[in-house]
Amino acid sequence: MSYSEEYREHIEYAFAAFCKIVLRNAAMSAYRDIGRKWKHEISLDYLMDEQYYNPSTTDSYFEEPIKLTQPTEFVVCGEIIEIEDERLAKVFSTLPKLRQEVLVLYFFLRYTDRKIGEVYGRSRTTVNYWKLAALKQLRKEWERLEHEE
């Protein structure tokens with residue numbers, strides 16, 4: 001199918017106009033985004049002029065934290081579990097013994113749900129339910145303690 005020369009020119013002009021509109025809109029969006037960022041950013045020069053801040057940081061990853069309390073010890077599945085965080089120890093102690101054992105077997109001794117089920121004579125899905133219920137109870141108690149403080 002052949003088109004006339006005038007029709008081809010019309011298509012080229014229409015396409016060129018479309019491209020110009022797309023580029024203009026993209027530029028406007030970019031300028032708008034940059035403007036939004038500038039509203040929230042503060043120049044370091046401005047901060048330095050107001051008051052001198054040393055723009056540096058120090059890492060404290062390898063420093064030993066100061067221990068104010070002794071870790072709380074739990075005996076679960078014949079293993080001694082030490083919990084240093086006082087709030088976490090409180091929350092963990094509120095769990096029933098079975099839920100404590102399931103969490104320790106799964107997270108610390110790396111047992112699978114199937115293997116834990118074999119230990120207790122239950123199915124894998126039951127063990128998964130126990131694990132999820134224990135985590136839900138931990139989260140609920142943790143939030144309750146946070147609100148009390």
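For the numbers below, each heavy atom of this structure counts, side chains included, while hydrogens, waters and symmetry mates do not.
For the pair Phe92/Asp85, no side-chain contact is recorded, criterion being any heavy-atom separation below 4.5 Å from C-beta on. Inter-residue side-chain proximity for Leu103 and Leu138 is flagged as met; some heavy-atom pair is nearer than 4.5 Å. You'll find the side chain of Tyr111 stays beyond 4.5 Å of the side chain of Val127, heavy atoms only. Taking 4.5 Å as the limit, every side-chain heavy atom of Arg144 sits out of range of all side-chain heavy atoms of Lys140.
Residues satisfying the ring pair (Phe, Tyr, Trp, His ring centres under 6.0 Å) criterion with Tyr129, sequence neighbours excluded, are absent altogether.
Applying the 6.0 Å contact sphere to CD of Glu146 captures more than 12 heavy atoms from other residues, nucleotides or ligands. Around atom CD of Glu9, more than 12 heavy atoms belonging to other residues, nucleotides or ligands sit under 6.0 Å away.
Residues Ala89 and Phe74 approach most closely at O-CZ, 3.4 Å, considering heavy atoms. The shortest heavy-atom contact between Gln137 and Thr94 is NE2-O, 3.7 Å. Residues Trp130 and Arg122 come closest through the heavy atom pair CH2-CG, 3.5 Å. Residues Glu84 and Pro71 share a closest heavy-atom pair of CG-CB, 3.9 Å.
Taken from SG in Cys77 to CZ in Phe108, the straight-line distance is 11.5 Å, to the nearest 0.5 Å. Atoms CZ and NZ, on Phe15 and Lys20 in that order, are 12.0 Å from each other to the nearest 0.5 Å. With values rounded to the nearest 0.5 angstrom, Ile116 atom CD1 is found 7.0 Å from Lys131 atom NZ. Tyr120 contributes atom OH, which lies 13.5 Å from atom OG1 of Thr126 (distance to the nearest 0.5 angstrom). Of the inter-residue distances, the one linking Leu88 atom CG with Thr72 atom OG1 reads 9.0 Å to the nearest 0.5 angstrom. Here the straight-line distance linking atom NZ of Lys97 with atom CZ of Arg99 works out to 15.0 Å at 0.5 Å rounding.
With salt bridges taken as basic N to acidic carboxylate O contacts below 4.0 Å, none links Arg114 and Glu118.
Cluster annotation: Trp142 is not connected to Leu132 through the hydrophobic network of ILVMFWY side chains, with a link wherever side-chain heavy atoms come within less than 4.5 Å.
Applying the under-4.5 Å side-chain rule to Ile, Leu, Val, Met, Phe, Trp and Tyr, the cluster around Ile34 extends to Trp38.
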